[in-house]
There are 2 protein chains.
Amino acid sequence: MGEKRYHHGNLREALLEAAFRLVDEEGPEAISMRALAREAGVSSAAPFRHFPDKQVLLDAIAAKAGAEIDRRLDEVAVECGDALTQFRAMTVAYVRYAAEHPVLFGLVHSRSAISGRFLGQVDDERRLKLIALIIEGQNAGLIPDADPELIALTSEALTHGLARMIADRHPRVRNLDSEEARKLALAATQLLQTGIGLA
Amino acid sequence: MGEKRYHHGNLREALLEAAFRLVDEEGPEAISMRALAREAGVSSAAPFRHFPDKQVLLDAIAAKAGAEIDRRLDEVAVECGDALTQFRAMTVAYVRYAAEHPVLFGLVHSRSAISGRFLGQVDDERRLKLIALIIEGQNAGLIPDADPELIALTSEALTHGLARMIADRHPRVRNLDSEEARKLALAATQLLQTGIGLA
DNA sequence: GCCGGATGTTAGCGCCGCTTAGATCGCAGA
DNA sequence: TCTGCGATCTAAGCGGCGCTAACATCCGGC
C-alpha cells in the first residue's frame, strides 16, 4: 500500500489543489513552496519542476478560481431565458462568489494575476454579449440611448464594487452571508436601473 | 557633517517615508525590513524598535494613504457649495486617487489593513453625511423615496468599483490617465442618477 | 533492451522576519 | 553637575523562505 515511490505521479495537481484550498482558507501569504512540498511528501525542490516560481502557482490558482466564476456565471445565465433576468442572475452569482470566497475573488483581480492572463479574453467575450444585450434593449425602446459601452461598464463597476466591498470586509457590508449578499445585489442593481433621481 | 551617530534621531519617520514611497512605486512585496534598515543606515534589528512587525508598518502606510484620501475628499468637498456637485467632486477625487496611486489604494482596502483600523470610524462619519444629504434631497422631492442607506451604498459601490477596476488595471479600463478617469467617473455617476432604464 | 527526457533528490546560497543580549545615548531629578 | 534609567541602537544568530545546480530514478518510444 502506501509504499514510497520515487515519482509522485500527480504532483502538479496535488500541489495545485492543496495550494488552492489553503489560499481560499488562509490567504496567499499562508502558502510556501516548501510547506506545500512537505504536505505532498516530496522534497522542497520538487514543486519547481511544475511551477517555475511561486507567482506562476498563484497565477494558476487565480486561473482556476476565475474559471469557476465563469462557470457559475454561465450556469445561471442558461437557467433563465429573459435577458434582464439573466443579467440580474449573473450579478447575484458574481457577488455571491465574492462573499463565499473572498480571498480567491481578490486573487483573481489582483494586479499580478491580471497582467497578461486569461481575464482579457474571457472577460471580453462576456462584455460583447452584455453590450449586444443593451443595444437590443435600446432598439426595443427599453433602454435610453446612452453609449452602450458606458452602460455596460457602469453596470459592471457597480457589481464589481459591491463584490469587492464584501470580499474585503469593508466596514459598510461586513459579515454578509451569501443570502444577504444576494438581496443587496438585487436591490442595488434595481436602483441602477431606475436611477436614484438626483440630477 | 555626515558623522555617524549612534542614534538615528528620526528613524520611525525615515522608515515610514521610504517604505511609503517604495510601496507606492513597486508594491508591498518590494519592501523588506532589512532593506529599509540598510537604506536608513541602521542595523537590521533597529526597525523593530518602531514597528513590532512588518504588518504594523504596512498598516501605518495604509493609514497614511487613507488619511491622504480623506484629505482630498474634504478638500474638494469644501470647494463647491452645491450638495450634488460636492458629491460628484468627491467621486471624481476618489477615482483619481485610485488611478494615480493604484498600489496604495489597494493597500488601504486590503483585508489586513481594514481589520480593526481607522477605516471604520472615518468612513462611517462620511457615510452619515452622505445619508443626511440623500434624506435632504428626498425631502426636497429630488430623490425618490428608496431606502437612503441603500442609495448611499449603491453610489459608493459604483464609485468603489470603478476605482478598483482602474487601480487593478482591469482590462476594461486599462491605462486610463487621471483625466480620463475623471470623465469616466462623471459619466458613470450621471448614469446612476438618471438610471439605465432596464426594468 | 536501452536511452533520453521528465520528474524526483540532496545540498546549499542568500535573503528574509524576528529575537535576545548587550552597548550607547540623552534627559530628568538628586 | 553628576547619575541613573529608559529609549534607542548594534551584533549575532535562529529557523524559514525562494530558488538553483548537480545528480538519481523512472518511464515510454525507438
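In what follows, chains carry the letters A, B, and so on, assigned in the order in which the sequence lines appear, proteins first and then strands, with residues in each chain numbered from 1. Everything quoted here is computed from the prediction, not taken from an experiment.
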Exercise. Just checking R38(B): base, sugar-phosphate only, or nothing, at a heavy-atom cut-off of under 4.0 Å?
Worked result: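 R38(B): backbone/sugar contact only, no base atoms under 4.0 Å.
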Exercise. How about H109(A) and H160(A): are their ring centroids closer than 6.0 Å?
Worked result: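 Yes, they do, as the ring centres are separated by less than 6.0 Å.
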Problem set entry | Proximity of H101(B) and Y97(B) rings by center, below 6.0 Å |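 Under 6.0 Å, so yes.
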Could you state the [atom1]-[atom2] distance from [X] to [N], rounded to the nearest angstrom?
X: D53(A); N: dC17(D); atom1: CG; atom2: P; answer: 17 Å
X: N10(B); N: dC9(D); atom1: CG; atom2: C1'; answer: 15 Å
X: E13(B); N: dT8(D); atom1: CD; atom2: P; answer: 12 Å
X: E39(A); N: dC17(D); atom1: CD; atom2: P; answer: 13 Å
X: L11(B); N: dT10(D); atom1: CG; atom2: P; answer: 8 Å
X: L57(A); N: dC19(D); atom1: CG; atom2: P; answer: 10 Å
X: K54(B); N: dC15(C); atom1: NZ; atom2: P; answer: 15 Å
X: R34(A); N: dC16(C); atom1: CZ; atom2: P; answer: 16 Å

For this session: Scan residues 43-51 of chain A against DNA chain D and write down, sorted by residue number, each residue with any heavy atom closer than 4.0 Å; if none is found, say none.
Result: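 A45(A), F48(A), R49(A), in order of number.
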Problem set entry | Spatial distance of atom CZ (R72(B)) from atom CG (D70(B)) [nearest 0.5 Å] |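 One gets 12.0 Å once the value is rounded to the nearest 0.5 Å.
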Exercise. In Å and rounded to the nearest 0.5 Å, what is the CZ to CE distance from R38(B) to M33(B)?
Worked result: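 The distance works out to 13.0 Å.
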Exercise. Out of L158(A), I151(A), T91(A), which residue meets the side chain to side chain contact (heavy atoms under 4.5 Å, CB included) rule with L192(A)?
Worked result: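 Of the listed residues L158(A), I151(A), T91(A), the side chain to side chain contact (heavy atoms under 4.5 Å, CB included) partner of L192(A) is L158(A).
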Problem set entry | Lys/Arg-Asp/Glu bridge criterion (N-O < 4.0 Å) met for K64(B), E17(B) |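 Looking at E17(B) together with K64(B), the answer is no, because their closest N to O distance does not fall below 4.0 Å.
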